Amino acid sequence: MVASGIIALLKQPRRKFASTLAIGSLGFSLLLSLAAFAYVLSGWAHGAAVRETVNFTWLHFGATSVDLGWVIDPLAAVMLVMVSFVGLLIFIYSVGYMAHDENFTRFFCFMSLFAGAMLGVVISNSLLLLFMCWEIVGLTSYLLIGFWYQKPSAAAAAKKAFITTRVGDIFFFLGIVWLFSSTGTLLFYNNGTGSLEPIALANLLTQHAGLGLSAAGAIGLLIFAGAAGKSGQLPLHVWLPDAMEGPTPVSALIHAATMVAAGVYLVARVYPLMQIGAQPGGTTVALTVVTWVGAATAVFAALIAVAQNDIKRILAYSTVSQLGYMMAGLGLGGVAVGMFHLITHAFFKALLFLGAGSVIHGCHEEQDIRRMGGLKVNMPLTFITYAIGMLALCGFPIFFSGFWSKDGILEAAQHSTAIKGPFYLLVFGALLTAFYMTRQVCYVFLGYWRGHKPAHESPSVMTTPLAILAFFAMALGLIGTPAWPWFHAFLEGRAAAFSFHNLVEPSFLLLMATSTLVVFLGLGFGWRLYGNKSPKPEEPDVLEKSVPWIWAPLRDRLYVDEFYGVTVIAFYKWWARVADWLDRRVWGGIVALVAWLFALWAQLNRLLDINWVDGGFDKTCDEISSGGGLLASLQNGRVQNYLRILAVAVIALAVILFWSSRP
């Protein structure tokens, strides 16, 4: 954030200094994050549950105070490393991608603020402080999605993202107010008196909110609405695909390490609030809603991704789908299950978006996959790394991290006794994921080149981050396998033990076989339809020709935007016209009437002033002037006149005295 403030004061030509400052600041943040992670890891290795907090009073009003604070625990430590590391790779990549942009300096200013705000979200020990950083994330997403503001589509996408996420944030803010009203604090942890600690949770559980909900459940649902907005869950997902209007590094940062991850992280952070009251083996209303919304989003977005032709838009709907998996994982399996998929997804989705950016860069800003093809020859490094990211996203067995994190969610869904339906939705979503990613890779990298200018490989400043991300897209799975569930044990504060027996349990082997079969079905079906066929750009898609009645709705995103257009947006347009009529005719008429009355009163006052006040005053002045003139004529300075007057006065006085003395 400090780097962002300094860059904001720089002139545009200071490009190298701006990028160096941005990358250096995030690199330093990564070192601090690694130090915090090492501290927490050291405590965990010695059997201690590490949670360090620093709380302070922000302001007083009356007898009440509002406290803010910071926290470092296993959940925050893992997120800090992920955000700073993935963000750093994206920053480095951006140097090459944005090299020719005239607003290079402004770009790194916004990116630094974006990363700083997300780090603030992660280490906040106060729901209010988290909300402040949350809103800065929303602001910077608006600035970055609309970075190329000269494009009407980018400006519209920025406004759409900002307004849509504000809808969820209104409910989030209501949850904050309710939580403060009920507990008197917004600190998560505060030596037993925090809002996520047993005393406050027990109190919230006893308060009834109506509709069979406790205050804890109602507040949890309100907070989840905010998370659904940020993480693109139904029905607030519409902003996320349009966010592709920003530069590709922005898409990578939003879809991998920052904004969309903030919603999942929020649910994980307040998980004790949502879980309180659940019976053993059961669930709560809040977690049930989280699960169903996540599972529905996973399938909904995957269906739409099947019929998209923009390389970034396919990945955008893929992100919406995978966020649904994370939410379902939180609802079904707890924090560790959902967060493991968030961490693995951050790496392979950043890899895919940066790989897409490399393709766009090499194809001279072309984004339509129908105008690509054969790029594995011209862009071999991009192809290899992209293929790794694609297989990790599909959940290709054993060697890719997505397989283990996705199977953890499916295992939790399979073993759930309270909710069964989401399991089948998530399996179907996995099939669709493998299919649409195979379609994309076949269009982009296989067959022959269908563009206008020859494609070329991206510079090393862009391909090196791809190679690093590809390594982690494969290696991260090792920390979350059933044989060595290190990640889950670390987040849950228990010891991690290696047990090969967990890997060969019949139930898990059956699930792994089912998952593998589903992935291969999706890959095989995609290859059967699109492998090495390279249709001409003007030719319709294979599915479009065979099932146009399915293709058209999916291509048009199942008409959700159109539905909002004829309902919500139409209502607000109508209400805007009503408000305009009220303003002009009613309130404006009242104002005009009042103005007319005051004008009439002013005219009356003018008449009174001129005819009565001024007239009376002028008449008095005239009389005084006349009297003064008479007296002035007597006081003319002639002594003879004064003597005559004095003689007359003496005679008059003598007559009066004589007359009054007679008997």
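Bear in mind that the values here come from a model prediction, so they are computed numbers and not experimental data. FYI, side chains are in, hydrogens and waters are out, and symmetry mates aren't considered; it's all heavy atoms of this structure.
- One finds a salt bridge joining Arg166 and Glu135 here, because a Lys/Arg side-chain nitrogen approaches an Asp/Glu carboxylate oxygen to under 4.0 Å.
- With rounding to the nearest 0.5 angstrom, the CG atom of Leu186 is 6.0 Å from the CG atom of Leu128.
- Between the Thr297 side chain and the Leu234 main chain, a donor and an acceptor come within less than 3.5 Å of each other.
- Contacts classified as side-chain hydrogen bond (donor to acceptor under 3.5 Å, both in side chains) and involving residues 214-231 (residues at least two apart or in different chains) are not found.
- Surrounding CH2 of Trp486 are more than 12 heavy atoms belonging to other residues, nucleotides or ligands, all under 6.0 Å away.
- A distance-only check finds a donor-acceptor pair linking the side chain of Thr140 to the backbone of Val137 [under 3.5 Å].
- Rounding to the nearest 0.5 Å gives a distance of 3.5 Å between OG of Ser141 and CE of Met259.
- Listed for the Asp561 side chain is no donor-acceptor partner under 3.5 Å among the backbone atoms of Val238.
- A distance-only check finds no donor-acceptor pair linking the side chain of Ser318 to the backbone of Ile314 [under 3.5 Å].
- Taking CG of Leu174 as the reference point, atom OG of Ser181 lies at 12.0 Å (rounded to 0.5 Å).
- More than 12 heavy atoms of other residues, nucleotides or ligands lie within 6.0 Å of CZ in Phe571, so this atom counts as buried by the packing criterion.
- In this structure, the side chains of Tyr559 and Pro553 come closer than 4.5 Å at one or more pairs of heavy atoms.
- Between the CE atom in Met474 and the CD1 atom in Ile398 there is a gap of 12.0 Å [rounded to 0.5 Å].
- Heavy-atom minimum distance, Ile409 versus Met326: CD1-N, 4.3 Å.
- Judged purely by atom type and a 3.5 angstrom limit, Thr567 uses its side chain to pair as donor or acceptor with the backbone of Phe563.
- Under the 3.5 Å distance criterion, with hydrogens and angles disregarded, a donor-acceptor pair is assigned to the side chains of Ser182 and Gln207.
- The closest side-chain donor-acceptor pair between Thr344 and Ser401, if any, does not fall under 3.5 angstrom.
- Taking the ring centroids of Tyr317 and His237, they lie at or beyond the 6.0 Å cut-off.
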Could you go through Trp134 and Leu266, starting from their C-alpha distance and side-chain angles, then the distance that decides it, and tell me whether this counts as side chain to side chain contact (heavy atoms under 4.5 Å, CB included)?
CA-CA 10 Å; Trp134 179 276; Leu266 175 62; 3.6 Å; yes

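- No donor-acceptor contact under 3.5 angstrom links the side chains of Thr433 and Lys406, judged on distance only.
- Without hydrogens or angle criteria, Thr516 side chain to Pro397 main chain gives no donor-acceptor distance under 3.5 Å.
- Side chain to side chain, Gln308 and Tyr436 fail the donor-acceptor criterion of an N or O pair below 3.5 Å.
- A 4.5 Å side-chain heavy-atom check between Leu179 and Leu204 finds at least one atom pair inside the cut-off.
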Between Val260 and Ile254, does the side chain to side chain contact (heavy atoms under 4.5 Å, CB included) criterion hold? Intermediate values first, please.
CA-CA 6 Å; Val260 298; Ile254 289 177; 4.3 Å; yes

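- Applying the side-chain hydrogen bond (donor to acceptor under 3.5 Å, both in side chains) test to every pair with at least one member in residues 255-267, sequence neighbours left out, gives these pairs: His255-Thr319, Tyr265-Arg269.
- Applying the 6.0 Å contact sphere to NE2 of His208 captures no more than 12 heavy atoms from other residues, nucleotides or ligands.
- Here the shortest heavy-atom pairing between Leu351 and Ala473 reads CD2-CB, 4.3 Å.
- No side-chain heavy atom of Val337 sits under 4.5 Å from any side-chain heavy atom of Leu330.
- For Tyr572, the OH atom counts as loosely surrounded, since its 6.0 Å shell holds 12 or fewer non-hydrogen atoms of other residues, nucleotides or ligands.
- Residues Trp292 and Ile419 form a side-chain contact, since some pair of their non-hydrogen atoms from C-beta on lies under 4.5 Å apart.
- Residue Ile170 places its CD1 atom among 12 or fewer non-hydrogen atoms of other residues, nucleotides or ligands, all under 6.0 Å distant.
- Donor-acceptor pairing under 3.5 Å is recorded for the side chains of Asp407 and Ser515.
- Around the CG atom of Leu211, the shell of radius 6.0 Å holds no more than 12 heavy atoms that belong to other residues, nucleotides or ligands.
- Using modelled atom types, one side-chain atom of Thr183 and one backbone atom of Thr185 make a donor-acceptor pair closer than 3.5 Å.
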Would Asp242 and Arg557 count as a salt bridge (Lys or Arg N to Asp or Glu O under 4.0 Å) here? Give the steps.
CA-CA 12 Å; Asp242 289 350; Arg557 300 174 287 184; 3.4 Å; yes

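- Within the 4.5 Å cutoff, side-chain heavy atoms of Tyr564 are placed close to those of Pro235.
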Going through the distances and angles, do His345 and Tyr325 end up as a ring pair (Phe, Tyr, Trp, His ring centres under 6.0 Å)?
CA-CA 10 Å; His345 175 267; Tyr325 273 91; 9.9 Å; no

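- Minimum interatomic distance between Leu352 and Leu393 (heavy atoms only, all atoms of both residues): CD1-CD2, 3.7 Å.
- Side-chain rings of Phe37 and Phe490 approach one another, their centers coming within less than 6.0 Å.
- When ring centroids are compared, Phe131 and Phe172 come within the 6.0 Å threshold.
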Which is it for Phe114 and Leu139 under the side chain to side chain contact (heavy atoms under 4.5 Å, CB included) test, yes or no, and what are the steps along the way?
CA-CA 9 Å; Phe114 201 6; Leu139 167 66; over 6 Å; no

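- Checked by atom type, the side-chain pair Asp67/Asn55 shows no donor-acceptor distance below 3.5 Å.
- Phe85 and Phe472 have their aromatic ring centers within a separation under 6.0 angstrom.
- With rounding to the nearest 0.5 angstrom, the CG atom of Leu130 is 10.0 Å from the CG atom of Asn125.
- The shortest non-hydrogen separation linking Ala243 to Ser251 is O-OG, 4.1 Å.
- Proximity of Leu201 to Leu273: side-chain heavy atoms (C-beta onward) are separated by under 4.5 Å at one or more points.
- Other residues, nucleotides and ligands contribute only 12 or fewer heavy atoms inside 6.0 Å of the CZ atom of Phe173.
- In terms of heavy atoms, Ser126 sits closest to Leu187 at CB-CD2, 4.0 Å.
- At least one donor-acceptor pair under 3.5 Å links the side chain of Ser84 to the backbone N or O of Leu80.
- Considering CG of Leu236 and CG of Asp169, their distance stands at 9.5 Å, rounded to 0.5 Å.
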Show which side-chain atoms of residues 219-229 pair as donor or acceptor with protein atoms under 3.5 Å away, not counting sequence neighbours.
none

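- The main-chain N or O of Asn190 is found under 3.5 Å from a side-chain atom of Glu197 such that the two form a donor-acceptor pair.
- Counting heavy atoms of neighbouring residues, nucleotides and ligands inside a 6.0 Å radius, atom CZ of Phe171 does not exceed 12 of them.
- Between Phe340 and Trp404, the distance separating the two ring centers is not shorter than 6.0 angstrom.
- Two residues are said to be in side-chain contact when any heavy atoms from C-beta on lie closer than 4.5 Å; Tyr142 and Lys159 meet this criterion.
- With contacts defined as side-chain heavy-atom distances shorter than 4.5 Å, the pair Trp484/Leu478 does not qualify.
- Listed here is the closest heavy atom pair of Phe400 and Ala392: CB-CA, 3.8 Å.
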